[in-house]
Amino acid sequence: MASFSEEEENYVRLALLLKGVTPRAVRTYFDRTFLPTSLLSTLNTNFNTLFDLKSKRIINQAQWDLLIPKNGAPDSKTFDVTLMVCLIRNLTSIILPINGFDSLPLPVEISPGSDLARIKFYRNKLAHHDSNTIDTAYFNTAWNDISDVSVSLH
C-alpha cells in the first residue's frame, strides 16, 4: 500500500478533527445551552422562529424532522453541527463575531460565538476543498484554531 504524502495526511487529519471531534465539542456546548431535559419545551416555545427558519430554507426538511419528530422527543445526539449552530445562533443571545458567523473570526476574538464560527468556517472550507491535500502552513493554523476551540467549548 502506498503511503500518504504529508499534504494528504494533513487533509485526513483535519477531516477527522472536524468530523469526529468538533461535533462532540459543539454538542457539549449545545447541551449546556439547551438542557436535554427541557429541549422539547424550548423548541415548542420557539416554534414560530423555527418555522420561519424552515420557510426561509435555513432549516431543511431533514433537520426539521429531527426537531419535530413524528415519534418521541428531539435529541441533540441526532443533530449535526450545522443544525446545532443554527439553533444557538437563532434561539440564544450569543455574542456574534465581529464579521459574523460566515467569516473566520479575528484571532483576538475569544467567545463561544467566535469558536462556533471558526468550526463552521473550517468545516465549510474542507467541504468545498477541491483536492485531498492541504498544505502544511494552512493545516497548522487550522489544527491549532480548531483544537483550541474544541477544548474551550468542551
Side-chain angles (χ1 to χ4, degrees), residues 9-129 132 134 138-154:
E9 187 175 318
N10 291 342
Y11 178 87
V12 170
R13 290 179 66 201
L14 194 59
L16 289 172
L17 179 62
L18 286 166
K19 294 187 178 277
V21 175
T22 60
R24 287 181 276 181
V26 172
R27 186 165 290 105
T28 298
Y29 180 81
F30 182 90
D31 286 344
R32 278 196 318 264
T33 304
F34 299 100
L35 297 175
T37 55
S38 58
L39 179 60
L40 177 60
S41 64
T42 301
L43 296 176
N44 286 337
T45 300
N46 291 284
F47 181 85
N48 290 340
T49 301
L50 296 171
F51 190 78
D52 187 49
L53 293 169
K54 183 177 183 283
S55 298
K56 293 178 180 173
R57 298 177 191 235
I58 295 169
I59 291 177
N60 64 37
Q61 186 61 49
Q63 292 168 324
W64 183 258
D65 292 343
L66 296 174
L67 293 172
I68 315 292
K70 291 185 168 105
N71 298 313
D75 184 348
S76 71
K77 291 180 189 83
T78 66
F79 299 174
D80 64 7
V81 169
T82 302
L83 180 56
M84 289 187 286
V85 170
C86 176
L87 295 174
I88 292 166
R89 284 175 65 175
N90 289 282
L91 302 182
T92 72
S93 57
I94 194 163
I95 297 170
L96 299 173
I98 292 168
N99 294 317
F101 272 96
D102 298 324
S103 299
L104 184 62
L106 302 171
V108 296
E109 292 183 84
I110 301 171
S111 69
S114 298
D115 291 345
L116 293 170
R118 282 184 185 87
I119 289 172
K120 181 179 180 292
F121 176 85
Y122 286 115
R123 283 175 56 92
N124 286 345
K125 284 287 253 192
L126 189 73
H128 299 286
H129 194 66
N132 292 335
I134 293 179
Y138 178 84
F139 169 79
N140 288 333
T141 300
W143 184 270
N144 289 334
D145 279 354
I146 299 163
S147 297
D148 291 346
V149 163
S150 295
V151 170
S152 69
L153 285 175
H154 223 252

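We're numbering straight along the sequence, starting at 1. This is a predicted model, so every value here is computed, not measured.
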Task: Spatial distance of atom CG (Asn99) from atom CG (Leu104) [nearest 0.5 Å] - done: 9.5 Å

Open item on the list: To the nearest 0.5 Å, what is the distance between CG on Asn124 and CG on Leu18?
Closed with: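 The distance works out to 10.0 Å.
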
TODO: Please round to the nearest 0.5 Å and tell me the distance separating atom CG of Asp80 and atom CZ of Arg123.
DONE: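 So the CG of Asp80 and the CZ of Arg123 are separated by 7.0 Å.
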
TODO: Step by step, work out the side-chain contact (heavy atoms from CB on, under 4.5 Å) result for Thr33 and Ile94.
DONE: CA-CA 10 Å; Thr33 304; Ile94 194 163; over 6 Å; no

Task: Expected output: side-chain Ser41 to main-chain Ser38 donor-acceptor under 3.5 Å - done: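 Pair found, side chain donor or acceptor close to backbone of Ser38.
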
TODO: Flag the pair Ile119 / Leu153 as yes when at least one side-chain heavy-atom distance between them is below 4.5 Å, and no otherwise.
DONE: yes

- [ ] Kindly assign one of parallel, tilted or perpendicular to the pair Phe47 and Phe51, based on the angle between their ring planes and the thresholds 30° and 60°.
- [x]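 It falls in the parallel class, under 30°.
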
TODO: Could you pull out the closest heavy-atom pair between Asn90 and Cys86, with the gap in Å?
DONE: ND2-O, 2.8 Å

- [ ] Enter the distance from Gln63:CD to Ile68:CD1 here, rounded to the nearest 0.5 Å.
- [x] 12.5 Å

Task: All side-chain contact (heavy atoms from CB on, under 4.5 Å) counterparts of Arg24, not counting sequence neighbours - done: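 Arg24 satisfies side-chain contact (heavy atoms from CB on, under 4.5 Å) with Val21 once adjacent residues are dropped.
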
Open item on the list: Using a 3.5 Å distance criterion without hydrogens, assess whether the side chain of Asn144 forms a donor-acceptor pair with backbone atoms of Asn140.
Closed with: yes

Task: Non-hydrogen atoms of Pro105 and Ser114 that approach each other most closely - done: CG-O, 3.4 Å

Open item on the list: Please determine whether the number of non-hydrogen atoms from other residues, nucleotides or ligands lying under 6.0 Å from atom NZ of Lys125 exceeds 12.
Closed with: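 No, the 6.0 Å shell around NZ holds no more than 12 heavy atoms from other groups.
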
Task: Smallest separation among heavy atoms of Ile98 and Glu109, with atom names - done: N-OE1, 2.7 Å

Open item on the list: In the structure I gave you, are the side-chain heavy atoms of Tyr11 and Leu126 within less than 4.5 Å of one another anywhere?
Closed with: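 SC-SC contact between Tyr11 and Leu126 confirmed.
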
Open item on the list: Any non-hydrogen side-chain atom of Asp115 less than 4.5 Å from a side-chain atom of Arg118?
Closed with: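 In contact.
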
Open item on the list: To the closest 0.5 Å, what do you measure between CG (Asn10) and CD1 (Ile134)?
Closed with: 7.0 Å

Task: Straight-line distance of Ile58 CD1 to Thr82 OG1, nearest 0.5 Å - done: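 OG1 of Thr82 is found 13.0 Å from CD1 of Ile58.
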
Task: Any side-chain heavy-atom pair of Leu91 and Leu50 under 4.5 Å - done: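 Heavy-atom side-chain distance check passes, below 4.5 Å.
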
Task: Ion pair Asp31/Arg27, N-O distance below 4.0 Å - done: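 Salt bridge absent between Asp31 and Arg27.
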
Open item on the list: For Gly20 versus Pro23, what's the shortest heavy-atom pair and its separation?
Closed with: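 Closest approach of Gly20 to Pro23, heavy atoms only: C-CD, 3.8 Å.
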
TODO: Would you please test Leu39 and Asp75 for side-chain contact (heavy atoms from CB on, under 4.5 Å) and show each step?
DONE: CA-CA 8 Å; Leu39 179 60; Asp75 184 348; 5.9 Å; no

- [ ] State, yes or no, whether a side-chain contact exists between Leu67 and Leu87 at a heavy-atom distance under 4.5 Å.
- [x]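 In short, these two side chains touch, coming nearer than 4.5 Å.
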
Task: Passing candidate, side-chain contact (heavy atoms from CB on, under 4.5 Å) with Lys120, options Asp102, Val81, Val26 - done: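 Considering Asp102, Val81, Val26, a side-chain contact (heavy atoms from CB on, under 4.5 Å) with Lys120 is found only for Asp102.
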
Task: Minimal non-hydrogen separation, Gly113 against Phe101, with atom names - done: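 The pair with the smallest heavy-atom distance is O-CE2, 3.4 Å.
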
Open item on the list: Within the structure provided, determine whether Asp145 and Thr141 are in side-chain contact (heavy-atom separation under 4.5 Å).
Closed with: yes

- [ ] Could you tell me whether the side chain of Thr22 reaches within less than 4.5 Å of the side chain of Val149, counting heavy atoms only?
- [x] no

Open item on the list: Test your reading of the model: is there a side-chain donor-acceptor pair from Ser76 to the backbone of Phe79, 3.5 Å cut-off?
Closed with: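 It does not hold such a pair.
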
- [ ] Tell me, with the steps shown, if Leu16 and Arg13 meet side-chain contact (heavy atoms from CB on, under 4.5 Å).
- [x] CA-CA 5 Å; Leu16 289 172; Arg13 290 179 66 201; 5.8 Å; no

TODO: Taking salt bridge (Lys or Arg N to Asp or Glu O under 4.0 Å) as the test, write out the residues that go with Lys70, two or more places apart.
DONE: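 For Lys70, no residue satisfies salt bridge (Lys or Arg N to Asp or Glu O under 4.0 Å) once neighbours in sequence are set aside.
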
Open item on the list: Walk me through whether Ile88 and Tyr29 qualify under side-chain contact (heavy atoms from CB on, under 4.5 Å).
Closed with: CA-CA 9 Å; Ile88 292 166; Tyr29 180 81; 3.7 Å; yes

TODO: Can you see which heavy atom on Ala117 is nearest to which on Ser103, and at what distance?
DONE: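 In this case the closest contact between Ala117 and Ser103 is CB-O, 4.3 Å.
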
TODO: Quick one: list whatever passes side-chain contact (heavy atoms from CB on, under 4.5 Å) with Thr45, sequence neighbours left out.
DONE: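 Expected list: none.
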
- [ ] Check whether more than 12 heavy atoms from other residues, nucleotides or ligands sit under 6.0 Å from atom CD1 of Ile95, and answer yes or no.
- [x]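 It does not: Ile95 CD1 has 12 such atoms or fewer within range.
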
Task: Flag side-chain contact, heavy atom, 4.5 Å: Tyr122 against Trp143 - done: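 They are not in side-chain contact.
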
